[in-house]
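Some notes on the structure that comes next.
Order of listing sets the numbers, starting from 1, for every ligand and every atom in it.
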Amino acid sequence: MRQARREYINSLADKIRSYFSNNFPVDLKEIVRKLGGNLAITSLNYLNIEDDEYSEAFITADVEKPFEFRIVVDESVHRNRQNFSIAHELGHLFLHLGYFLDDDKWRESKLKLASHYRKGYGPDELEANEFAAAFLMPKDEYLSKIYDGLEIEQIAEYFGVSVEAAINRGRFLNVFARV
Ligand SMILES: [Zn+2]
């Protein structure tokens, strides 16, 4: 991912999140609701799919009112991973389905009932992960926790993400050399 794209995604995620909330962990259920979406945390086993088709979360643009889109997350994964998945799907919503930012693309997404799955490491997946990390762990808030002297496990807990996600974000923000 080019640096300019990365910075665009970070600033977009920050703008959208801060419009709704500056409390942490981010209340994703509430934000999905305010965006006009439907969130289901449910068993995905009923789909009876093969392992290589499994995805722990997905988003679908919806034509049926009252919802604009639906996000489904597997209930069997840890809550902190669910949070990241929901934010990841919101990344697809804005970056790849056109919601709010590109009316033509969004109309097309709705007509096609376009979907994105949390799976693999393609370019769209990396962008959605970048969006999720920035959405859940904004730079200034992350830095203030580092300066407060919190351990990485405490930072992960504070933001409601996995330790792995908190470490990745810290690497991107280049903060570990300073502590
Ligand atoms: Zn994805």
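Listed by chain and number, the residues in a side-chain hydrogen bond (donor to acceptor under 3.5 Å, both in side chains) with D103 amount to none (sequence neighbours excluded). In this view, H88 and H92 satisfy the ring pair (Phe, Tyr, Trp, His ring centres under 6.0 Å) rule, not counting sequence neighbours.
When only modelled atom types and interatomic distance are considered, E125 and Y117 share no side-chain donor-acceptor pair under 3.5 Å.
Look at D124 and the Zn ion (ligand 1): no N/O/S atom of the residue is under 2.8 Å from the metal. In summary, H116 places no N/O/S atom under 2.8 Å from the Zn ion (ligand 1), failing the contact criterion.
The aromatic rings of F94 and F131 lie parallel to each other, their planes meeting at an angle below 30°, with 60° marking the opposite boundary.
If you look at H88 and ask which of its N, O or S atoms sits nearest the Zn ion (ligand 1), the answer is NE2. Its N, O or S atom nearest to the Zn ion (ligand 1) is what matters here, and for E125 that atom is OE2.
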